[in-house]
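Both counts, for ligands and for their atoms, begin at 1 and track the order of listing.
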Amino acid sequence: MDILSQDIMYLAGVGPNRKKLLSSELGIETFGDLLEYYPYKYVDRSKIYKVSELTGEMPFVQVVGHILSFETFDMGPRKERVVAHFSDGTGIMDLVWFNGGKYAKEHYRIGQDYLVFGRPSVFNNRIQVQHPELEAIDHSSLNFEHSAAQTSADANNGQWSMVNGQYKMRPYYNTTEKMKKYSLTSRGMERLVRNLLEKLKEPLPETIPDFITSRLHLMNRDKALRTIHYPQDAKELERARVRLKFEELFYVQLNILRYASDQRRKYRGYVFNRIGEVFNTFYYDHLPFNLTGAQKRVMHEIRRDMASGRQMNRLLQGDVGSGKTLVALMAMLIAIDNGFQACMMAPTEILAEQHLTTIAEFLKGMDVRVELLTGIVKGKKRQEILDGLLDGSVQILVGTHAIIEDTVQFRQLGMVVIDEQHRFGVAQRAKLWSKSRPSSQPLPTGRGVYTSANDTSNVKGNYSPPSEGGGGGGSIPHVLVMTATPIPRTLAMTLYGDLDVSVIDELPPGRKPIHTTHVFESRMASLYDGIRRQINQGRQVYIVYPLIEESEKMDLKNLEQGFEMLRQVFPEFKMSKVHGRMKPSDKEEEMQRFVRGETQILVATTVIEVGVNVPNASVMVIIDAQRFGLSQLHQLRGRVGRGADQSFCILVTNYKLSEVTRKRIDIMCETNDGFRIAEADLKLRGPGDLEGTQQSGMAFDLKIADIARDGQLVQMARDEAQRIVDEDPTCTSTKYEILWSRLKQLHKTPVNWSAIS
Ligand code: ADP
Ligand code: MG
């Protein structure tokens, strides 16, 4: 048996209690799991830095010095920030606690020498270390420069240099409170890993073909796994990390592309090669404007897919207002021209209704039957629609999830449009495919390994080998997925890796880019003149306050106070006020007053983010902009700039801006490009935090790679995987044996590899 699949129980230092803990707390069951439990940081024990040497760009470092004094700052009810001013004689830095400050104040003594570990950053031009680790030291043992082994009270310390020659960088492992009770601290984990590495005498087998490792100059697997725990130096560590990240990303991509290739061979797509009367009538007689270049390009891509005999699986990305809905509509008209029905699904009833209105408006005067089906369409009306779908008289169905219910059957569904990807995974898309031929066609879901994004269904990672030979199976509807939340390429490649991507990167003509500026709250007065001028020119203004659940009450108070203050500033204007605590009917009425132009200023919390369309509004003021995420700011800004007039967005903040906030604000002022903003957002926050991804469970079980920061590696992994699948589309070639068996192995383990929900 492969030594790495041995039960962790058989490792020296692990008894029944620890085995249970390792399993329940960290999911570690085998030697291999422990080996892949990577340190979260390393401390370079070969060096003690001076405060004067520190910069905001360093990794974890250690500094020796003493605390001069403590300072406490109030941060709202029952919250405080504790700062210890810390000096080593070369300079002063701040140790900062947002939590546990009380403990720090009581526990650490002024004047005592401490060894401080942490990652330095810069805040208000001062070096600080947030949530540092402090270790009291007495000078008799302080001799780091010569031998690391003397530095700690750890009894076993002397031994661990034996693993990998002399050690320089000490690994730190995350553990839990529960584990600490059983001495499974970072040190404890380190000891286990050391025991394991000593036991692994034979080199660990390679999992990536030689031609790839040598072409990309990757460290071999054995060396990488040993180095990741005990690197000799930062450079070697980096190489080990690159190798392990690549491996992770490569297998994710290989899995996705294998799945896509498999699908492609199994199912055909309907061939829609007719551009007929419906499309042409719409295009030549009804379309009130010319398509943008980007829309034309995307239409070409869609038409090529539809005529190819392969099922179209396309992601259509484009900023709000870029004209995606129109493109989707034209794709549906092509389906109709070819004798098929089409449907469009939206995530909410409101959005479905909006789509219906838009489509009905576009098709006014044409002989196309469009219906709406949501959860609230009941009784006779519902039955009429269901009948119409079965006999084919309903040509376009717009709706919500209600469409995928079993009772909804089409006569010939040929084209599916899904608005806002988040909530529809591969399995749900697949469910739509069975809509026109009840029970005659197997659902393609169960056999796939790849579960995309937030697939809420149960398509778990059961690996079954790719089917032999090509072809077979019936034809299935074409799918177009639209998303207004721009998804950066590397993320799209991973989340929606089985989709081809089209991008509308051009707005319809006549829209002026929104002018965005940053204003400190103390300078608000200068802003009022601008607002007054705009309103006197007939425009309307949004003023948005943040509302974040945690501090909801305080936020509401801020909004009320802001409203009163603005009323005094603008006695001549009428104002509306809208927030989440209002009765829906009151809220609706206030909104409507603004929409009708009866009020000039709408003071609101983020409830306006979705759905308001007031082309006459030209100013968006965002108060406490530092509290909003980038994509939220971008969505809010998208509320203006809908008319022909120059629009403005003003981001108001206080003076205290962290580096990250500063960057967010700068990006907003620099660009209106949703894609650049999404890229930046991903970099600043990581994919788990990306708006919309968290709620929908779009998280990854990647141990070391980071889709946000490792974009280049994602691309490399994708390219290599693509090359292999292109050469061996059935994924059976013995040449790549090592890959297919590894993939199989990965999916046998309980680790949910590509996505977890
Ligand atoms: P999206 O779905 O990408 O948010 P829509 O399709 O709703 O964008 O289009 C936004 C607005 O722009 C709509 O009012 C639509 O009629 C209009 N529009 C779309 N394409 C064009 C175009 N090529 N020229 C002018 N206006 C357009
Ligand atoms: Mg839209």
What I want to know is whether Gly323 and ligand 1 share at least one N or O pair that is separated by under 3.5 angstrom.
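Right, the criterion is met.
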
Step by step, work out the side chain to side chain donor-acceptor pair (under 3.5 Å) result for Asp305 and His478.
CA-CA 9 Å; Asp305 282 0; His478 298 294; over 6 Å; no

Passing option when Ser618 is tested against Gln540, His515, Gln534, Lys512 for side-chain hydrogen bond (donor to acceptor under 3.5 Å, both in side chains)
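For Ser618, the side-chain hydrogen bond (donor to acceptor under 3.5 Å, both in side chains) test succeeds with only one of Gln540, His515, Gln534, Lys512, which is Gln534.
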
Please tell me whether Tyr542 and Phe594 form a close aromatic pair, meaning their ring centres lie under 6.0 Å apart.
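Judged by ring-centre distance (under 6.0 Å), Tyr542 and Phe594 do meet the cut-off.
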
Using a 4.0 Å cut-off to any heavy atom of [X], which atoms of ligand 1 qualify?
| X | value |
| --- | --- |
| Leu326 | 6 (O), 20 (N) |
| Phe362 | 16 (O) |
| Thr292 | 23 (N) |
| Gln295 | 19 (C), 20 (N), 22 (C), 23 (N) |

With backbone taken as N, CA, C and O and side chain as the heavy atoms from C-beta onward, which portion of [X] lies under 4.0 Å from ligand 1: side chain, backbone, both, or neither?
| X | answer |
| --- | --- |
| Asp319 | backbone |
| Leu291 | backbone |
| Asn290 | backbone |

Would you check whether Ser322 reaches within less than 4.0 Å of ligand 1, judged by its heavy atoms?
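It does, in that a heavy atom of Ser322 comes within the 4.0 Å cut-off of ligand 1.
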
Tell me the nearest of Arg642, Arg511, Met482 to atom 17 (C) of ligand 1, using heavy-atom distances.
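Considering heavy atoms of Arg642, Arg511, Met482, the nearest to atom 17 (C) of ligand 1 sits in Arg511.
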
If only side-chain N and O atoms count, and only distance matters, is there a donor-acceptor pair under 3.5 Å linking Arg593 with Thr599?
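Per modelled atom types, Thr599 and Arg593 side chains form no pair under 3.5 Å.
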
Residues that Asn338 engages under side chain to side chain donor-acceptor pair (under 3.5 Å), provided they are two or more places apart
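With sequence neighbours excluded, Asn338 shows a side chain to side chain donor-acceptor pair (under 3.5 Å) to no residue whatsoever.
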
Go through the structure and list residues passing side chain to side chain contact (heavy atoms under 4.5 Å, CB included) with Ser308, not counting sequence neighbours.
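Counting only residues at least two positions away or on another chain, Ser308 forms a side chain to side chain contact (heavy atoms under 4.5 Å, CB included) with Arg310.
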
Between Glu679 and Arg676, does any side-chain N to carboxylate O distance fall below 4.0 Å?
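Between Arg676 and Glu679 there is no salt bridge, as every charged N stays at least 4.0 Å from the carboxylate O atoms.
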
